[in-house]
**Student:** 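Below are the structure tokens for one structure; questions will follow.
If you read the sequence from its start, that first residue is 1, and numbering goes on from there.
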Amino acid sequence: MMGNLASPGSADFDLTLDELRAVARFAAESAQEALPFFEGAVRDDGRPRVAIEAALLFADGAPRTNLQRRAATDAHRAATEAADQVSRLAAGSAG
């Protein structure tokens, strides 16, 4: 079941908690596919992996907490520090 649009022409819409968990799972599983590109280039930076794990915890039913927000922010920071575009995109997808 899709959420309702907030207003005509707006990009905002409401999601139920179950829908939000499904989106988080899809995003995390998609990011997992790109993760090896980051980890192959930046071996000692686990921030994107932690962000994916945090998203999957939420997708599996854990409450949404600052863990997900902090981990996502850290993954985006890792993306800005990566040396090449592929690594940046892989880390950013985890965020």
**Student:** First locate atom CZ of R47, then atom CZ of R77, and finally report the distance between them rounded to the nearest 0.5 Å.
**Tutor:** 8.0 Å
**Student:** Report, one line per pair, each donor and acceptor closer than 3.5 Å where one atom sits in a side chain of residues 26-37; sequence neighbours left out.
**Tutor:**
unit_1	atom_1	unit_2	atom_2	d
S30	OG	F26	O	2.8

**Student:** Measure the spacing between CD of E81 and CZ of R88 and express it to the nearest 0.5 Å.
**Tutor:**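 Here the interatomic distance stands at 12.0 Å.
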**Student:** Please check: side-chain N/O of D84 versus main-chain N/O of S87, any donor-acceptor pairing under 3.5 Å?
**Tutor:**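 It does hold such a pair.
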**Student:** Are L57 and V23 connected into the same hydrophobic cluster when the rule is that any two of I, L, V, M, F, W, Y join if their side-chain heavy atoms are below 4.5 Å apart?
**Tutor:**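 No, no single cluster joins them.
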**Student:** Checking Q68 side chain against A55 main chain: does a donor-acceptor pair fall under 3.5 Å?
**Tutor:**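 A pair under 3.5 Å: no.
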**Student:** Using atom types as modelled and distance alone, determine if a side-chain donor or acceptor of R21 lies under 3.5 Å from a backbone N or O of F58.
**Tutor:** yes
**Student:** Would you indicate whether the side-chain heavy atoms of L56 and R25 approach each other to under 4.5 Å?
**Tutor:**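 Yes, at least one pair of side-chain atoms sits under 4.5 Å.
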**Student:** Would you mind reporting whether V50 and D74 have side-chain heavy atoms less than 4.5 Å apart?
**Tutor:**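 A side-chain contact is absent here, since even the closest heavy-atom pair is not under 4.5 Å.
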**Student:** So, for A79 and G92, which heavy atoms are closest and what is the spacing to 0.1 Å?
**Tutor:**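 Shortest heavy-atom contact: CB-N, 3.6 Å.
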**Student:** What's the shortest heavy-atom distance between A51 and A75, and which atoms?
**Tutor:**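 Looks like CB-CB, 3.8 Å.
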**Student:** Should D45 and E39 count as side-chain neighbours, where that means a heavy-atom distance under 4.5 Å?
**Tutor:** no
